[in-house]
Number of protein chains: 2
Amino acid sequence: MIEPLLERLNKFHPLNAALTERISSATNMVTYHAGDYILKEGQVCNKACLVIKGLARSYYIKEDKDITSRFMDEGFIITSWISYYTQQPGNEFIEALEETTLACINYADIQKMYTDFPEFNIVGRKQAEYGFFMAEQRTQILRKHTAEEKYKFFLSNHPTLLQRVALKHIATYLGMNEETLSRVRSKFHRKKD
Amino acid sequence: MIEPLLERLNKFHPLNAALTERISSATNMVTYHAGDYILKEGQVCNKACLVIKGLARSYYIKEDKDITSRFMDEGFIITSWISYYTQQPGNEFIEALEETTLACINYADIQKMYTDFPEFNIVGRKQAEYGFFMAEQRTQILRKHTAEEKYKFFLSNHPTLLQRVALKHIATYLGMNEETLSRVRSKFHRKKD
DNA sequence: TAGGCTCATTGACAAATGTCAAGAGTCGGC
DNA sequence: GCCGACTCTTGACATTTGTCAATGAGCCTA
């Protein structure tokens, strides 16, 4: 069950036997049920996990409203980035939306791997670069695009998620409210006929 | 003049003599005048530069309008992230807003340093993590905040930039138009009296 | 199967933001 | 000093989006 993690990391940089062994022994497999919390607000995010199967979302509360910040499905790395980076309690919740199996490594173990295996920093660097790249894309979408453009962006970038995620979560992810998304959808789908 | 770069990188991870020597010889100092392009749309961003002195902004064109994506002043690393990461032509321009002096290293040289000095990946990883962290913050601000909240965020996070940057650029950076920012400002400053 | 959920949609209206146009202030070059 | 270009502000109005409330569909559970 840990193979997908090793494969993923190997793509960033080939891992030698010793490092592979270390990763294997440091990895914990955990399964969450739909609705379970993977992380709660106020906790320090002390792990990074690859989604083996399932789907999760991270969100935070702003004025009593729950705002989705990311969806993480198979192949994604789950972590509450700001909290992980600063090792301070963060404002994010992470919630499993489906039965979700994760391959997790503790923050402390990751740090130790960085010092014991310098080449593991290549993996960490590429992962961070990839995350940065994705976050940068999200900011481009959020700036100055209409609700309809944001919806189209979501459709083309996450075609499968539409079926798996409640629309209200997609709405807050795109920076609009539920009703606006609903109207955009009905207008958009009418157009296509 | 290259010391600020070495200092900055040393903070991420102590550099030994050989690596310091390599970085020094790979670094080019370049100075741009206000209004000069550091990067143009359609070019591959093949370098990363520390801002020694001055100020630049990156932007892209959307429907004939110029949208600011970031401001980069002293201590910031300038790169067009999406293009740098993919090594494909990007859609970003980078423009010097003041007389700006940069310490630049080529993409190819950086990659060679990653393989020749594995510990340099620690530096690259931390830099990417930091960039990710900042980008993540930006997405939180852009989602679901009112124009006034965005302006307040800018004030508290970039207090000095307000004096150095045209308001129209701040407006597009925050995902609103010039007039809206102007109204927010007059309302906001009236309140304080 | 009935009742009680949540989710998605729709309508009416309110509020925020965008668009277009005009005008005042600032700055640098000539 | 004057002109022209640019920046910022303001007003009137249009459009978009948000808010509140009601409704129906789907689903779980007793």
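Treat the numbers as computed from the prediction; the structure is a model and nothing was measured. In what follows, chains are A, B, ... by sequence order, proteins preceding strands, each numbered from 1.
Residue B:Ser186 places its side chain closer to D:dT10 than to any other of D:dT17, C:dA8, D:dT10. With C:dG18, D:dA21, C:dA12 as the candidates, the nucleotide lying closest to the side chain of B:Met176 is C:dG18. Closest to the side chain of A:Arg185, out of C:dT19, D:dG18, C:dT9, is C:dT9. Proximity note for A:Arg183 (side chain, C-beta onward) versus C:dA21, C:dT17, C:dG11: the nearest is C:dG11. The nucleotide whose nearest atom lies closest to any side-chain atom of B:Ala147 is, among C:dT17, D:dT19, C:dT19, C:dT17. The side chain of B:Thr180 lies closest to C:dT17 when the candidates are C:dT9, C:dT17, D:dC8.
Computed from coordinates, the A:Asn177 CG to C:dT10 C1' distance equals 13 Å when rounded to whole Å. For B:Ile170 and D:dT7, the CD1 to P distance is 13 Å, given to the nearest whole Å. Atom pair A:Glu178:CD and D:dG18:C1' shows a separation of 12 Å (rounding to whole Å applied). For A:Glu179 and C:dA15, the CD to P distance is 16 Å, given to the nearest whole Å. Between A:Glu148 atom CD and D:dT16 atom C1' there is a gap of 12 Å when expressed in whole angstrom units.
Transitive grouping of hydrophobic side chains (ILVMFWY, heavy atoms separated by less than 4.5 Å) keeps A:Ile67 and A:Met176 in distinct clusters.
Checked for salt-bridge contact, A:Lys168 and A:Glu178 miss the test: no charged N lies under 4.0 Å from a carboxylate O.
Using a 4.0 Å heavy-atom cutoff across all strands shown, A:Lys65 reaches sugar-phosphate atoms only and no base atom.
For the residue pair A:Arg138 / B:Thr139, no side-chain donor-acceptor distance below 3.5 Å is found, with atom types taken as modelled. Side chains of A:Thr146 and A:Glu149: a donor-acceptor N/O pair is present below 3.5 angstrom, by distance only.
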